[in-house]
Amino acid sequence: MDQDSAAAAADVREARLMANCLRANAVRIGAVLSGPVLAVALSGPAVAAAGIGLEPTQAPRGAGIQLTFELPQERPDAHTTEVRLDLPADLPIAEVYPMSVNDWAPRIINRTLPEPLPGLHGGLMTEATESIIWQLVAPAADEPAPVLLTVSVGPLPDADRIDFAVTQTYSDGTVVRWGGPDAQRPGPVLTLGPADPAAAGHGAHHGGPAPAAAQDPPAQAAAGSDDAAGTGMGLLLAGLAGGAAIGAAVVWWRSRHHRSVPADPAGAAGADDEGELVVAGGTTPWRFTEQ
């Protein structure tokens, strides 16, 4: 074998070796990258699990409001038969009352307070609600819907948030714990903001919904009305200006048309010009008739 043939064979061997190395590296890189992707894919259903809905999720401190808890029905061959709501022991609420809900019978468990708390109606409360237990007292539906339970609470404590614990029991004996020390899933949380003076009104004392914190005061409402009026006047002036501009354009077009188009004895007299003008909101048909 001459030197040229030996060199060519060496080049071929080197090329094959490099291709094999690149192929092996590609396989290793693919294995490294696919690991995290596979882990995320496998953990997807757990992350997407439904939670307990709470309405509202925010309220001012010291207010009296109604809270609605929405529990999902996650068992394909079972339905919820009992729901237990536990309130935090370190943030007692003077008055907690379950509202009437069809097909569910509530039972209240109270505890004695170390120090009395002011109630919603003035006076001191020596006991506070520790838990509320609802029992299903009606036959289950063929397709159970989410469980909606409403509670009237107040005055809300001076804290940043209230973490509730909910225990959901199914007809097949399955127990799901939302929040609390033995939580299997996150529980509902009520975020508390600064005290609202309006929260001390009549509606709050009867457990009404929390007043809207973003209502505009009279001065701001008046300013908003002035802005709206100014906007309307601006639109009117803009429309008038647009109309004037259209009229000027028509006059210019007519004068240019008469200067640039030669007279046609056979069809100029009595001929009609038609077209469309583009204006705000669409097109407006126009028609010129020679007099």
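Nothing here was measured: the structure is a model prediction, and the numbers come from that model.
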Please check if [X] and [Y] belong to a single hydrophobic cluster, counting links between Ile, Leu, Val, Met, Phe, Trp and Tyr side chain heavy atoms closer than 4.5 Å.
{"X": "Val176", "Y": "Phe69", "answer": "yes"}
{"X": "Tyr97", "Y": "Trp134", "answer": "no"}
{"X": "Leu190", "Y": "Leu117", "answer": "no"}

Can you tell me how far apart [atom1] ([X]) and [atom2] ([Y]) are? Round to the nearest 0.5 Å.
{"X": "Met125", "Y": "Asn110", "atom1": "CE", "atom2": "CG", "result": "8.5 Å"}
{"X": "Leu124", "Y": "Glu115", "atom1": "CG", "atom2": "CD", "result": "11.0 Å"}
{"X": "Ile132", "Y": "Leu87", "atom1": "CD1", "atom2": "CG", "result": "6.5 Å"}
{"X": "Phe164", "Y": "Trp178", "atom1": "CZ", "atom2": "CH2", "result": "16.0 Å"}
{"X": "Asp160", "Y": "Leu91", "atom1": "CG", "atom2": "CG", "result": "10.0 Å"}
{"X": "Thr191", "Y": "Asp163", "atom1": "OG1", "atom2": "CG", "result": "9.0 Å"}

- prompt: Quick check: are there more than 12 heavy atoms from other residues, nucleotides or ligands sitting under 6.0 Å from CZ of Arg111?
  reply: yes

Taking the side chain as C-beta and beyond, is there a heavy-atom pair between [X] and [Y] under 4.5 Å?
{"X": "Val83", "Y": "Leu71", "answer": "yes"}
{"X": "Trp104", "Y": "Val137", "answer": "no"}
{"X": "Glu82", "Y": "Ile133", "answer": "yes"}
{"X": "Arg84", "Y": "Val166", "answer": "no"}
{"X": "Leu136", "Y": "Asp103", "answer": "yes"}
{"X": "Pro56", "Y": "Ile65", "answer": "yes"}

message: Show, in sequence, the C-alpha distance, side-chain angles and deciding distance for Val151 and Leu85, and conclude whether the side chain to side chain contact (heavy atoms under 4.5 Å, CB included) test is met.
response: CA-CA 10 Å; Val151 181; Leu85 171 67; 4.1 Å; yes

Does this structure show an ion pair linking [X] with [Y], if we count only N-O contacts that are shorter than 4.0 Å?
{"X": "Arg185", "Y": "Glu74", "result": "yes"}
{"X": "Asp182", "Y": "Arg177", "result": "no"}
{"X": "Arg75", "Y": "Asp77", "result": "no"}

message: Main chain of Leu120, side chain of Glu95: is a donor-acceptor contact present, judged purely on distance under 3.5 Å?
response: yes

- request: Please check if the side chain of Ser171 supplies one atom and the backbone of Ala78 the other of a donor-acceptor pair under 3.5 Å.
  value: no

task: Check step by step if side chain to side chain contact (heavy atoms under 4.5 Å, CB included) holds for Ile162 and Val189.
output: CA-CA 6 Å; Ile162 300 177; Val189 176; over 6 Å; no

task: Check the side chains of Thr80 and Gln168 for a donor-acceptor pair under 3.5 angstrom, ignoring hydrogens and angles.
output: yes

- prompt: So, Thr150 and Thr68: side-chain donor and acceptor under 3.5 Å apart, yes or no?
  reply: yes

message: Let's go through Met99 and Gln66 carefully: what are the C-alpha distance in whole Å and the side-chain angles of both, what is the deciding distance for side chain to side chain contact (heavy atoms under 4.5 Å, CB included) to 0.1 Å, and is it a yes or a no?
response: CA-CA 9 Å; Met99 308 303 290; Gln66 288 186 4; 3.7 Å; yes

message: Working note: Thr126 + Leu113, criterion side chain to side chain contact (heavy atoms under 4.5 Å, CB included); need CA distance, chi angles, decisive distance, verdict.
response: CA-CA 6 Å; Thr126 59; Leu113 294 171; 5.8 Å; no

CA sep, side-chain torsions, deciding dist, call: Gln135, Thr81, side chain to side chain donor-acceptor pair (under 3.5 Å): CA-CA 6 Å; Gln135 294 282 348; Thr81 57; 5.7 Å; no

